[in-house]
Every structure is written in C-alpha cells, then in structure tokens.
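Chain letters run A, B, ... following the sequence lines, proteins first and then strands; every chain starts at 1. Heavy-atom basis, side chains included; hydrogens, waters and symmetry copies ignored.
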Amino acid sequence: MKKIVCVAVVGKVNDPLFIHDYSGGSEENRLKLNYIVHCSLDIIEEKPGAKKVGNDMYLGLLYPTEDYKVYGYLTNTKIKFIIVVMDSTDIKDNDIRQFFKKLHVLYVQTTSSTFYKPNSKIESNKFLNNVTTIVQTL
Amino acid sequence: MNELPEELVTLPIPLVGLIGISNLHFYIEKNISTRSIVDFQRLHPVSPIATSSQQQQSHISLDPLSPKLVSADTPISSSPSNQSRIEQQLNNDLLISTPNNSGSPALQQQQHSQSQSSSPNSSTTNTVSGWRVQLLQPPIIKVVSIEVGGLTNKKEKKPNHSESFIPQGVIKANWIHKHTASLPSVVSLFLQWPEDKSPKSHDALLSQIDAVKANIKQRNVKLMIVIVTNSSNVDVYDERFSMIRRRADIDPKYIIFLNKSEMKIFVKKWEKLALELTDLHYKEECQSSKSQIAKSTHPFLVIRYHFKIAFYSEFRNDMNSSLKYYTFAYNSLKDWKPNNDPRGSRFEELRMIASFLNFKICKFYLWSNNSNEALQQFERHIRLFKIYHGPDEKQFGHYQWIAREYQIFAELLEMCTNTNRNAIPGGSIFYYQTAAKYTEERRKYFKWVSDKYSNSTSVQKFKDSKPRFNLTTGCIYIGQPPPDLSHPLDHSTPAMVGVLHDDEMDDFYRSISIELQTNYTNLIVDLLGRAFEQATIHRNTRIISFIESLIANEYFIDHQYDMALQYFNHNALTYRREKWWMLLTYTLSMCLKCVHNLNQPTSYIGYAMDLLSPDLTNSKKERSIIQQFLLYVLVDSSKLSPPISLTAPLDVKMDHTHPLINCRVQFPHSIATSHSKTEFFVVIESHFPDPIRFSKLRAVFSDPSYNKVLNGDQLSIVDPISPTLKMNQERKDLVFLPNESRLFSFTLATKEKMELECQSVILELGSSPSVNFCWNISEWAIKSDQESSDKDQHNQQPQVKKNQVTLQQQQQQQQQQLVKPDPYKKFLERSSIRILDHESLIQIKCNHTPPAIINEFYEIELELVNNDKEITKGTITFELLNPNIATNQQQQQQQQTELLLPTIEINNKPLVSSPSITQIHQTQQQAERGIYPKPSFSEQLSTLSLPHIQEKASFKKIFYLHSSQIDENRLVINVSYETKSNEISHSSKGFNFPVQIGFLTQFQFFSTNFTPNDMYDGAIVAKEPLLLLCDIRMNLPYDVVIDKTTLKINNVSQATLNPLMMGASDESGAPNDASSVPVGHLLSSSNSNLSPSTLTRDGNYSCWFNLIPLITGESLSLGSLTIYWRRKVKGNDQDDKSIVSQLPILLPHMRITTNPFITNVNVPSYGVVGVPLAHSIVITNNTNFLQEFELLVTNPASYGGSDAPFLFAGDRVGTFSIHPESTHEIRHVLLPLVAGKHPLPHFKITSKRFNKELPKTKNTNEFLFVKPFLSN
C-alpha cells in the first residue's frame, strides 16, 4: 500500500506550484486531496509563530483527518511542501523529515533552471519523476 | 451532547432524603449552602415537539456571506441578541422545571435523557437544545422528600451471586437517575418531640425509627435524626432521648435538636453532618463494589461495578478515582467481544455504554487540560466501534451514532475553551465536519431501507410517531432495545428482520417512520454551520472555504440551488484569488449546475465562459460539452435538461485579456489626413475548445458614421464546421478554430478633421438572441495622442518639419505594401487616430533687424514661401500677445534698463539718477503697442488677405511694429489658405521682437562760464543761464544716423511728477495757470545747424543747450530731449528713405533753487596802458539774513610780487556785510602798466554763512587785453 498519497509544493502566495496525486484514486479523491492541502495552509499559517525552533523548516504533523495525516515543511522563502500520508501507515517522524529535505533539494534544483520562471507552476517532468522516486522510497 | 442524560453530563450532587415534618423540608432546602463550580449547563431543555418546530425554522439560518447559526441549538452564539434570547428561554424553562425535583423526577428524565440504542430509530438529533460551560452555584446537597418506607427494597442477592450470575445488561437504565434523584445516600428523620411525657407518644417515635431503619437497611443508607422541639430548654439527659439513641443505633452526634427559631444555624450544622454521612455512604458503596469486582466473573459485572465506583467517586468529588475507574470500565468493555449477536443488539448496548464512558473520560481529560489524552481516547473509541456489527437495515443507525460521537466530542472541545489549540489542530472544526460526513453516510445507508419500506403499511401506521426520548420507560438496561414479552437477548434464533418478533418489528418500523421524517440537510448544514463558526473565530479562511463548499454541496443535494449557488460563488472568489484551479474548476462546474437548475441563462453563459477558460483543469471533453451546451442555450434549449434558453440579447463585457477570447485593435498610423483612406485592424484570439462560428463582428467608433460590421457566413452557430478548415488561412467567415488568432482589416474613408476613436469591438455569437462579447477598447488602449504628445509640446516650427517628414513617410508607406501586424504576436495597440486637415506646407518667415527701439516703427518683412500647391486665397492674422506674461523677462529688462539710464553730471560729477524711461512713459501716457501697415498710427494691422500665390513662389509684405515701452513682444502669425485643389490648411508661427532704448544718455549742467554753481550741492540755480551738455552713446548692433536733437522745455505740469510738489517760491500767476508755465527758457541750441551724424556701435554724439530755469522746485525736469534718428541704410545716403524716429528722453528731475547772491562783475572790455580802469563787483543779498563776506585780492601766482601789470587802488583785504535785499558794491581802480594779455587779479569774495566763494568771482583765470597807449 502506498504511504504517500499526495505531494504538493505551494508558493509563497499560497498558489499551488506542484500537486500530484499518488493515490491512484478517482477524480473525487483528487479533489478531496486538493481540499486537504489547501486547508492545511491555514494550519501552516498558525504553526510557525508558536512552534518554529531555530532553522528547522519541518513543521511536523499539521493535522490528522479520518483517512490521512498531513505533514508540512516551510522553507525560508515561504515555499510550503505538504505531503498527505495514509493514516493507517506508520511512518517515523524522522523519515518524513528526510523526505522533505530531499524534496527541498529537488525543488531547488528544478527552480534553479534558467528555463524556470520564478513562482510559476512546476511542469518539469524530471521533477515529477524524481519526486515519484523519492515517494516510492519512503 | 443533547442525547446524553443530563445526570451523566453534569457533576452528581449527593442526595439526602427527608422524612417526617414535611413542612420543614422547604426551609431546609431553601437554606442549604451552595458551592461554586464550573460545569456544563443545559441551555433549554425543551420538549421534542417544540424542538421539531424550532428545527423547521433553523435550517435556513445561514447567511451565505457570513454564515452564522442563529438556530436555537447553537451552544455559544456569537450574536448577543441570540445569546439573550437563549438565556431568556433558559430562565423560562427553569421556572417550569426547577420545583419538580421531587415531584416528578420521571418526567424530568423523560425530557432530558433520551433513549439511546434501545431505540436507534429515534431521531435523537431532532432534540434541539444546547449546553454551555459556566460558573454554577449548585447546592452542596440535594434533598428529596420521601415517605417512611418509601425506598424500594433491593433485590435479594443469592449467595455467590457474582460468580454464577449472568447479567442481561451492563448498566440498568434507571441506575444513574435513581442515585441522583430518588435514592438518597442519607435519610434525615425529623421527629416532633412530644410535649406530653406519656410512654405512648414516645413509643410512636420509636416505631417510626424502626420503620425507617428497616427500610434503609438494605440500601446501606445512613440515618440521622433531627428532634424538633418547641422550646429551647430541652433536657438532654432525659431517658427518652437515650432510648431513641439506642433504638436508632447511630452515633449520638447524628442526633440533633432543632428549635424552629434557629433554622439557619441548624441547617449549617445539619448539612455538615449530612455531608459526612453521604461521603461515608458513597465510600462504603465504592468498597462494596470493589469487593463485588473481585467476585465477578462476567465482564458485564466488571464494567458495571467499575462504572459504579467511578460514579460514586464523582459524588465524593474524587475526580482522580473517577477517571481511573471510568477508564477501567472502558478497558474492560473494549476487551469484550460479543458472540452470537447477529442482530447487533449487544453491539448497540456496548456502543452506548462506551459512548457514556468515553464522554466521561474525555470530559475529565479536557477538564484537566490534557488534550492529547482526550484526543487519543476519542480516536481509540472511534476506531473500536467504527466497524458495524448487526443487520444491514440498521446500519444507518450506526452512522447516526458515529456522527453523534463526533458531534459530542466537538462540543466538548468547543466548550473547553482552555484546550490547547496546538494539540488539536483545527479544534472542533474537523469533528463537526466529520459528524456531518457521517450524517451523510446515515442518509446513504438509510436510502435503500427507505426505498424498501417507505410505502410499507407497517411503516405507514407509525407515520405520526415521535422519537422516544427516554432512557427508562420500558427500558431495563442502557443501550438495549425496549423489552417485549421477554428479554431480547433471550431470543435464541435471531436472524433477519423477517424473523423478528412482532413488537421488535414494530419498533423497527417505527424507527424507519421516524427516520423518514428526518431532514438530513438541516442536520448536516447545522453541523457544518458550527464548524464554520469555529473556523470563523479562528480566522481559518481556507477551512472556511472548504466548509462552505460542503454546505453548498449539501444544499445542492437538497435541491436548494439558490443557497448552493451563493456558497459556491463565494468560494470561487477564494480559489480564483489563490489560483487553485482544480478547486475552482469544481466550484464553477457546480455553479453552472446551480444556475442551470435555477434557469438563469445569463449566469449560465457567464459560468460556462469561465469553465471554457484554458486555465482551468477540466478536460477537453468536458469543455467541448460545455461549449456545445452554451450553443444550445442560444438555439435549441430542448436539448438541455432542464431546458434553459436565452430570451434577449446578452452583452458580455469582456476583459482586455480574457483567457477565453480576447481582442486587440490597431490603427497602423497615429494620424491621417482628411478625405483619405486608412486601415483599422482587429485581432480576435479564441481559445474555445472546439471550432466556433460567430455571426457578426462590429467595430464601433466615436463617430458612428465610421462604424463597421463584418458578417460571417449565414449558417447557424450549431451547424457543423467543415473539418477542412486550416489554421491561419485567409477566410471570409467568422469561424475560429481552437487557439486561433485572426486578423480582420477594415478600410476607413476619412472625412473631416477629428479625433476618431474606436470605442468598442463587439463579436456576436448567434442571432436573435445573441451573445455579444463586447470589448470596451477605449478603457485600455493607447490613444494616438499619448504616442506623440511629448513631441507636440515643442514649438510649431519643428512640428511643421515633423509633419512634413511624417507625411512624406506616410506617402512612402502608402506607396509600399501596408504591413499588417502578426495576430499571434504582441503589437502596439492603438485605438484612435487623429484625422487632420490637409497638411500645411507653407513656410512663414519674418525678416527684420533687431532690436526694435522705443517709439520706432520697426520694420518687419513677412515672407511666406509656398511649398504647397498653388494657393488661391487665404488670410493672415496677426496676434500680438501680452508681454506681461513673462514677468521674468521683464525683470531682466528692468535691470537692463537701469544700465541704460541717462545720468546727470554737473562738472563731471554724477548728481542724480533719472527714473527709467519706462516709468516716465508709463506715468506720462499709457503704454502703447501695435502693428501697422504703414509707419504711422493711422491704421492698425490685424488681418491681411493672401493673394494668389504660385507653387514654390514667395509672398512678401512689410509691416511695422510700434511699442512705446521696453518690451518682449510676441507676435503670432496665423495663415489659413486654400489651395487650388480646395484643400484648406492652417499654419501658425510665433516670433519674438525685443524692444529696447538703444541709446545711453548723460546730461551735465554748467554755469555760463562753464563752472558749476555749487552754492547748493546738486542743485541748479534758477533765473541764471546755464549750459546743458547731452552725451548720447549708441549701443545698437547696427548703425544709426542722428538727424538732430531738440530740447523741449516742459511746463510745470510736465516737469514734476506731482504738480502739488511745486516749489512755494513760484511767483508766477494764479495757481490755475501755473501748470502751463514753462519751467525754463531755451536760449540757444548748439546743433541747430549741425548736419546729421552717423553713429556706429559705442559711438558718441554730443549737443549743447543754453537755457534759463525760471522757477524753483525740489524735483523738476526741465524738458525732454528728443533724438531724431533713423537706421542707416547701406549704400547711398541720398537714397536713404528710412523712417526718422523720435526718441524722447526726459531730462532728469533736479532741484532748482534761487541764487542767494547775485553778483555782477563790471570790467571794461579792454584797457589802455596808463589809463585807469574801474573794476566793480556788485553783490545783491537775496536772502532774508544779514550776510557777511570776506574780500581778499591776490595777484595771479605767475606774477610774483613785483611784476604786476596793474597798479591797484582799493581794498585788498576786508570784510563787509550786506543787509537783506540790499546791494553792496566793491570798487577798485586798475592802472595798466604794460600792454598785452594780462591776467586780472583774483578778487576772492567768500560768504561766511555758506563758507564758499561766490561763483562769479571764483574764476581765477580771467584776462584783460591792454592796449598800448597811443600818444595821438
């Protein structure tokens, strides 16, 4: 069973730069995941002020839903990485943290491309493939 | 929480029974102390009937833009008015319910607690009431009046009861109520102490004690006795008291006396003792239950006893123990799995018990700020009971239960405001939302049951059934269905509904009937509304949007499309702003469905266009369908279900860059000439998913006569489009392929001069009715002005040149092929064009030699060079602008003027500065400026007709500018003309003409013997001849000829700035005539016979005048010097016909005084050697004072002492005085000794008063010719 069902990168003005559904579910499920990711931005906005410690960009568990758990990661440039994980899976916090770090590196590599227009939607296939790879390793 | 029994929700209060002397009970209850605790309080327990009517009212209580529940079931309403309404209702309810504590406990229970899974079909959520947490003041003890022997007997337990007993349920349905309302922990027996001491009356008391003791013995209820006496003097050592104490068999301290006069003091004492006993009772009950646990084998009993211990501990305020035993009970419960439970009855019972326990545990955790533990407990609880066990027909009830569990937990979270929000992200929002979700599940699972049974007669007969809101009526154990003939669990062959007992079937049918009455939408919207309220409090805007979409979905399912549309519409704004395209796509598609069902064709078209936008995430197929439907709305509504059609033309105002279809326009040139042709381009870019055929393209201009229409082919918009069409091919139709950009060109025939602007472009889809996509171009496009406005700011000269160039360029461009913009690329959008008259090609010149001089008829030659076609007629207008606008220039001129001022010198000493010429002229006469065709003032020039001018020919005309002041004249020459081909053109040009003085003049005054009269410094002397030297220096860049200069003597009025300032010594005539009296008399002029003199730059011209000032004054100008001058024409002077101009220069204002002493020196014109000659000096004293003089006669220094040419007779040194108005003569006789020219001795006469030598005698260089003596 897939652990991660959705990976999202959200821009500094809260617009989705990349969102991919790994659940393989229906359109309805994709919509639901979009809603979950979008709502989690509210939780992220509440989080850092109270909890951010040092340079740690990992925000931890944002909130659990009935079926999923949502984790967040906020970069210094206000880019948000959000993953939605099946609630039934037992993933260690450290694994999630490592996953986010890898995702951050991939994001930096992709956006460093001269062909990438800053703050625009990420449409690079390479980025998608790389993210899919690290999703499968988790 | 409404579904939970009130006794379970609130903290239990120890119950004390009161027996005997019932009239005292009221006083005791009234005086019982209270304590302050924070606990839940039910807001308004209302009857189900009342709630159902409230529910009807509440379901539309959401305001779409700021949804806020106003239904009565809102626990904590944010609206003050709502709050007060609830409080008022609460008060009303309390008035009704409070006195019935002892009276009708059963009724209370019926209202507050509801049947749980004993009646799963009871729509418990129909009970609309609320809870809140607040500081309460409950009594420390609750009292209840009971009769002697009123306590029910406890069932006898068999020996080894716990080991062998198999309970039929976990907790008795009435257990909680029994302990909180009817079964006291302590009984207080009130005994009226008899007055008579007869044994009979005493025996009655003893028997009463016996009866009570017998009654309470089984229940382990504690006893305390109150002996009520009438007098305060009671003999406590009375034997009868001892007997009562022995009979009661209680600690003597629990036998107390009551004198009715000391009721308050008594109650304090009584309640303290009662509390001790209640604590003891519950403690013993706990111990008893613990001992039972040890003996029990059946898990139900274990759960039961743990529950009891926990509840007893609550009576004792021992919360730690309470939490501990509730947790034990829950753990015992979860470990037990029912077997052989196909009907799910046991599962329902356990679920209900678990619900009670879970509530208690969560409440205690949240009460102690242990949010994490509460959350874990709740999640474990849900995980444990989420999977349903039982018949499918009753599964909807399970989802009802889950929804209720979520709702209860959400309410707990909401009310425990001190809960750490970070521990539970989102707070209660998620739980309300999940409760709503399970209510949806409940509806879904009920649907097939409803389809199956809704028309069944068995169900119909219960159609008027109301939900049963009781825990006790007919119910034995909590969570079990009501019993029928035998206990339901006793059935050994339970299978499906079909084999259920009739009563049980009735119960099932009743539950279906009640469920059929349930309005799920109200329930769901109510729950989501609470979530919305919480999200609003915490300002979670995105969560709000999510909840809004859920609410909207629910309204959509319930066919309340208007409400759904409002929520979706509001949501769309959020998602559009944050560019969450997928969510926006879904929201817009729902909006489209709503407006379709609401039959709003206008909105339908709007949403359809939004959804057709390529930004959204819907598939091409979906977009194709939307496009097709959009066309059907226009032409064939029958193909849509429900039908929707547009009845009137619809104008859609489009953005400049609408993602679906956009428009750009361009005039290729910013200017065009009248009566010519120009192009206008319109580019339309379409992103419709399928090829689309428009009907008409219209371009609307500011002048409607320019409007253009382009009709497409005459086919219907739904007619198939030929698949052979290719992108970018030249076509005359209005068909757009997907993502095609087409350019349409219109040729405009220009008319008159104007600013022509394209105001809008309209693209019509369909006809009658049509959708008109309208782009208001004028709102955003660049106007032709903006492009060239900066350049237009320059003066006209370069403009003419530019226009010439532009025209040439245009002509070249027109000759070449016109370059059309690429419709797929950006290009300069220009929505307006300036249509000009035929471009003027004449050149305006002015030939002149600056600067002009004041009062000169300045000659200017106007030259028009015709570069245009042959001019047939025209006019020239002259416009002399006001020079005062340029104040700076004038200031500069002022400074310049001061430099050019004439200065006055007397004997080379500057005396005074004259006022400027400008000022003089301004004071003397109004400044005058004008243009004249001839060098005279006879006729002014304003317009001039143009003669016939051939092509390339010139027209010249001389005119004159005259100005009487220093100035910077700006002359604008406007030329309008008509060419042979009737083209009218205008041209204009401005010229500057500076006007200056041009001559620098200096004036010097001398006495007749060329010495200054310095008796009074800076003044000239009246009535004595004087000489005036005028020095004129020319500083013009060209040569001038001064013909002559004249001096005009002023009269008094001209001489003075203010005639009243005229000197008092004016002796002439009457005052009326004084102004015409000349101030002087011109004796002679040096230059009357001089020939004209030519002056070059920095050349000088001098002239002399001899004049006598006649009157005295402080500031008088003797006259004005007029220079007659003309410009020197190169060549022969004789042919010089240049105009002679007059430049008047006013003499400076001087002080003119009378001479104090008139001195006459009389000397013969020559002498003869040896003949004596007389030398006399006559001095007249004109002053009013006696004047003293000194006389000193000295020989000229060249003689030395001896070689004097004269013999001298008379005083050499002396002093004399002259009386006022007197004359004194000094006489000397000189005898010439030798012939020749000899200097006369110097007769120096000095006025003592003035300390100055008389001017007449001052000259030391006077000579006398001495003839030789001729003897004959």
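- Residue C39(A) holds its SG atom at 8.0 Å from CD of Q433(B), rounded to the nearest 0.5 Å.
- Nearest heavy atoms, D42(A) versus N540(B): OD2-C, 3.0 Å.
- Across all their heavy atoms, K437(B) and D67(A) have their closest contact at NZ-OD2, 4.5 Å.
- Heavy atoms closer than 4.5 Å to chain B are found nowhere in I36(A), neither backbone nor side chain.
- Using cut-offs of 30° and 60° for the angle between ring planes, the Y586(B) and Y35(A) rings count as perpendicular.
- Nearest heavy atoms, D15(A) versus W580(B): CA-NE1, 4.1 Å.
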Practice task
Could you check E578(B) against H38(A) for side-chain contact (heavy atoms from CB on, under 4.5 Å), going step by step and ending with a plain yes or no?
Solution key: CA-CA 10 Å; E578(B) 296 199 335; H38(A) 188 243; 3.0 Å; yes
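- Both the backbone and the side chain of T65(A) come within contact range of chain B, each with at least one heavy atom under 4.5 Å from a heavy atom of that chain.
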Per-pair distances, 0.1 Å, donor-acceptor, side chain in residues 611-619 of chain B, under 3.5 Å, sequence neighbours excluded:
{"from": "S613(B)", "atom 1": "OG", "to": "D615(B)", "atom 2": "N", "distance (Å)": "3.3"}
{"from": "T617(B)", "atom 1": "OG1", "to": "T585(B)", "atom 2": "OG1", "distance (Å)": "3.2"}
{"from": "N618(B)", "atom 1": "ND2", "to": "L611(B)", "atom 2": "O", "distance (Å)": "3.0"}
{"from": "S619(B)", "atom 1": "OG", "to": "E622(B)", "atom 2": "N", "distance (Å)": "3.3"}
{"from": "S619(B)", "atom 1": "OG", "to": "E622(B)", "atom 2": "OE1", "distance (Å)": "3.4"}

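- With a threshold of 4.5 angstrom between heavy atoms, T434(B) approaches chain A through side-chain atoms but not through N, CA, C or O.
- Each of V10(A), N34(A), V13(A), V37(A) has some count of heavy-atom pairs under 4.5 Å with chain B, and the biggest count is that of N34(A).
- The closest side-chain heavy-atom distance from E45(A) to R542(B) is below 4.5 Å.
- Atom CZ of R380(B) is surrounded by more than 12 heavy atoms from other residues, nucleotides or ligands within 6.0 Å.
- Legend: residues meeting salt bridge (Lys or Arg N to Asp or Glu O under 4.0 Å) with K386(B), ordered by chain and number and at least two apart, are E66(A).
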